[in-house]
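Written out below as C-alpha cells is the structure these notes cover.
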Amino acid sequence: MSERASDTFGSLVFAGDVMLKRLPPDVFMNLQRTIKNGSPLDPAIANTVASAMKDWALEHGATHYCHWFQPLTGTTAEKHDAFLSMTSDGGAIEKFSGSQLIQGEPDASSFPHGGIRDTYEARGYTAWDATSPAFIYRSGEQATLCVPTAFVSYTGEALDKKTPLLRSIQAVSKHAMRILKIFGADHGVNQVITTLGVEQEYFLVDAELAQQRPDLLICGRTLVGAPAPKGQQLEDHYFGSIPQRVLAYMAEVEQRLFELGVPVKTRHNEVAPGQFELAPTYENANVAVDHQMITMSVLRETAERHGFVCLMHEKPFAGVNGSGKHNNWALSTDTGVNLLDPRDETHTNMQFLVFLCAVIRGVDVHAEMLRGSIASAANDHRLGANEAPPAIMSIFLGDMLTDILDQLESGNPKKTKKGDEMQLGATTLPQIPRHTSDRNRTSPFAFTGNKFEFRAVGSSASVAWPNTVLNAIIADSLDFMATQLEKRAGKNATQAKLETAVKSLLKDVVKEHRRVCFDGDGYSKAWHDEAAKRGLANHKSTVDAIAIFGSKKAAEVFTRFNILSKRELEARYEIMLEQYIKLLRIESRTLQNMVRTAVLPCAMRFQAELADTIGATQNCGVECPGTEAELREVVGLVENLRRAINAVEKADDFHGDHGKHAAHYRDKLVPAMLDARKCCDALEKVMPADLYPLPTYAELLFSTR
C-alpha cells in the first residue's frame, strides 16, 4: 500500500511504493530479488533498509521497534526496544541499525521448546524475514514498528512456526519447478509459491456478560450452560442482516486491517447466533500466515472498544455451530499462473492433472499427518458436526474432476464434462451458469474451482503448522511425480513420449490413491463404514491424531525435505502433548472452581428455600406434594453434581509421562467433565433466574443485538 493511500487508510506497512520512495534504487532492487524471487538476502543492504524503516516509523508516531515472531505457543511474541539511544556525551539519538534489524536475542528457554533448550541455556535468536513486510501496530496511543522474524535456538534449531513454513514453501517450489521443466513451462519462472486465503470465524459476546463467566475469560469457551430456547434452529442468522453494533465493530476492524496491509474482502453473519466471519483475499502463504495472526489480534483488541469479547475457540457454546478457519490453498508461479486452474478442456491439461494427482496422492499417503496438523483439545469439540468436517481425511473433487479420474483410470481421457445454464422460470431473472459440481460442506479437503479448501483447521489455531504439514506432503508427492516422469519419459522426450508417460503415471496414481476421494455426506455412518473398508484412518481425539508426529514415517518426510530435523519434530510432538495436558488441566480446574464456589452454593440456597417453603406451608396445615417432589429433584441434582465434580477432581490428579498423562485425560478427565457439565446444566434448568450465578446461553448468544 502506498504512502499516498495513507491519506485514506493511514498505511502502516513498509512495502511496495513506500520502499520504492525511501530506498535507493539498487537497494530496492536487491531487496525485491529476495522478496519476489526467493534470492538470498544480501546483508550489505541492511543498514540502508533499517535507516529508511526507522525514519518511516518515526513519522508515523512509533517510538519503539520489536522483532515480531511466532513461538510454539500458537500466538505471537514481541519485546519492545526504544529507538532512543544514549550517546557518549550524555545526549540521545534515535537509532536503528542494520544489525538490530537483522538479528535479535530473546530468551529461548522461556518459550515451549520440547527439550531443545534447558532452563539454564537461555540464548535464542530472531532473524529478519524480509519476505514479509514490516508494519506499525497501534495499541491505544502507542505505535510500535513490528519486524516479522524467524525464531531459532542458539543451536540453529527452529523454535517457531515461521521457520519450518518457509522451508516447506521452498521444498514445494523446488519440486514443482521440476515438473514445470518437464512440461517446458519453466521459462521466466523463478519459483512456485503457495498461495493462501484464510477465512476466520468468531463469536462476539457482550463484555459485561463475559466478565461474569470465568470459563469464557480463562478458557475461551463455556464449560457449563444449558441450551437456549432458540439457537440456530430457524437458520435465520446465517447471512442475515448484520446488527448495527456489530457492523460498527466490523468496519473498524476492516479499516485497521487495511492500514496494516491485510486485504480483507468479506464479512457476514455465520450460522449460530452471535457468530460472524471475516475473509481476506489470497496472498503468498508466508505473508498470509502473518496477516492471519495480525487479524486475530485486531479482532480481539477492537472488540474491547465496542463492548464485546471476541471468542475464537472452536466450540464456545455446546450444541451450536463451531468455529473454524477455512484454509484456501493453491500453487502459483511467480509469473501469476495458477497451477491448480483446470481450464476449459481439463482432460487435455496434463500439467494440471499431474499437480491434481500429486495432491490426491499426498493426502492419501499422508492423511494421518494432515489430520494431526489440525489436532487440538479445542478442535476435538468441533470436528464431525455443525458444518465441521469429520476426522477422516478425504478429498471432494466434484462431478467434472471425478469423471476425469474415471477416464484417467481407463488410461485415455477424452472429454470434459461441461456445466449448463439454469432456467429460473421468471423472464426478469437472468440465466446463470451452473457449475459442473456442487460444493460439499462436509469434506475436510475440497477442490473449489482453482484451489483446495482445507476446512478442518480450527478457528483459534495458527495456520502456519497446518500449511507446513500440507506443503511437506505435497513436496513429497511432487518429488514422486517428477521422479516418475523423468524415468518414464527419459531425457529430451518428444511430446508424444511425454504424453504417454504422463497418462501412464496418472493411471497408476489414480488407481492406487483415489480411495481418499469422496463426494458424499461426510457426516453419515455409511461413509464412516465405507472409509473403514477403504483403510482410511479415523482419529477422533488429539492424542491419537498427533501420534503420527512421533513416527519414523513423519520424520522421514520432514527430514528429507529439510523442513524439520528429527529433533525439531520430536520437540513439536512433545509440545503438542504438553499443551493438550495443560489446556485440559486449566479447563478442569476452572470447572471445579465454578461449581464449588458458584453453582453448588447457589443450588443449596435454592434447596434451602424450597425446604423453608415446604415447612412454612405445612405449618399452616396445607400439604404441598408438588413442592416436595421439586425439593427431592433438586436434592438429587445437587448430589449428582457433587459426585460428578469429585470425579473430575480425581481424574485431574494424575502423574506420568506426557503420553500416558494425555491418554488418561482423554479417557478419564474429558468424560468426567462432560458428566459434570450435564449435572450442572440440569440444575440450571430448574433454578430460579435470580439465583443461578452465571449468564445463560440465551443471554450470551443474543447479546450482540
Side-chain angles (χ1 to χ4, degrees), residues 34 38 40-41 66-79 102-119 121-132 147-174 194 196 284-290 292-293 369 372-376 461-476 546 548-551 554-579:
T34 296
L41 177 69
C66 74
H67 277 194
W68 183 82
F69 59 100
Q70 300 173 40
L72 296 173
T73 56
T75 57
T76 59
E78 55 198 57
K79 174 173 73 76
I102 286 178
Q103 182 177 328
E105 190 180 323
D107 188 336
S109 62
S110 297
F111 292 102
H113 52 74
I116 286 178
R117 298 263 75 190
D118 286 321
T119 303
E121 296 177 314
R123 180 163 284 161
Y125 298 113
T126 49
W128 175 35
D129 174 18
T131 64
S132 185
V147 179
T149 58
F151 176 44
V152 298
S153 168
Y154 177 72
T155 60
E157 292 163 303
L159 292 175
D160 67 340
K161 300 201 172 188
K162 177 183 281 286
T163 303
L165 175 66
L166 289 171
R167 295 171 183 169
S168 74
I169 291 170
Q170 188 171 296
V172 168
S173 180
K174 175 182 176 180
T194 56
L196 191 62
N284 172 300
N286 177 46
V287 175
V289 168
D290 285 356
Q292 226 290 308
M293 301 305 292
M369 283 175 56
S373 75
I374 49 88
S376 69
S462 162
V463 293
W465 178 239
N467 283 284
T468 298
V469 174
L470 177 56
N471 289 343
I473 69 178
I474 298 305
D476 175 67
I546 63 176
I548 185 65
F549 297 121
S551 71
E556 192 277 330
V557 173
F558 282 111
T559 57
R560 178 154 51 92
F561 296 102
N562 299 313
I563 296 170
L564 289 171
S565 69
K566 187 171 184 292
R567 189 173 184 226
E568 287 171 328
L569 181 60
E570 288 171 348
R572 277 156 179 75
Y573 177 45
E574 189 71 13
I575 290 167
M576 290 175 199
L577 287 171
E578 188 177 73
Q579 288 177 335

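Here the structure is a predicted model, which is why all the values come from computation and not from measurement.
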So CG of N467 and CG of L196: to nearest 0.5 Å the spacing works out to 4.5 Å
To check you understand the geometry: which heavy-atom pair defines the closest contact between A464 and L165, and what is its length? O-CD1, 4.0 Å
Contact between T126 and P106 at the side-chain level, heavy atoms closer than 4.5 Å - yes or no? yes
To the nearest 0.5 Å, atom CH2 of W68 lies from atom CE of M293 at 6.5 Å
Result of checking T468, D290, T149 against K162 for side-chain hydrogen bond (donor to acceptor under 3.5 Å, both in side chains): D290
Over all heavy atoms of both residues, which pair between T34 and P40 is shortest? Give the atoms and the distance, please. OG1-O, 3.4 Å
How close do S132 and N286 get, heavy atom to heavy atom, and via which atoms? CB-ND2, 4.0 Å
Can you tell me how far CZ of F111 sits from CG of L72, rounded to the nearest 0.5 angstrom? 10.0 Å
S173 (side chain) donor-acceptor with Q170 (main chain) under 3.5 angstrom: no
Nearest heavy atoms of P164 and L564, plus distance in Å: CB-CD2, 3.8 Å
Search all heavy atoms of A150 against all heavy atoms of T163 and return the closest pair with its distance. CB-OG1, 3.2 Å
Determine whether F549 and R572 make a side-chain contact, defined as any pair of heavy atoms from C-beta on separated by less than 4.5 Å. no
With side chains defined as the heavy atoms from C-beta onward, is the minimum distance between M369 and I548 less than 4.5 Å? yes
Would you check if the side chain of Q70 reaches a backbone N or O of K161 as a donor-acceptor pair within less than 3.5 Å? no
Quick one: CG on L569 to CZ on F558, what's the gap to the nearest 0.5 Å? 6.0 Å
CD1 of I546 to OG of S376, rounded to nearest 0.5 Å, is 10.0 Å
Shortest non-hydrogen contact from V172 to N471? CG2-O, 3.3 Å
So, taking the atom named CZ in F69 and the one named OG1 in T75, what distance separates them when rounded to the nearest 0.5 Å? 9.5 Å
Between T155 and R117, is there a side-chain heavy-atom distance shorter than 4.5 Å? yes
Residues E570 and K566 bridged, charged N to O under 4.0 Å: yes
Within the 4.5 Å heavy-atom criterion, are F151 and Y125 side-chain neighbours or not? no
Backbone N/O of I116 and side chain of R567: donor-acceptor pair under 3.5 Å: yes
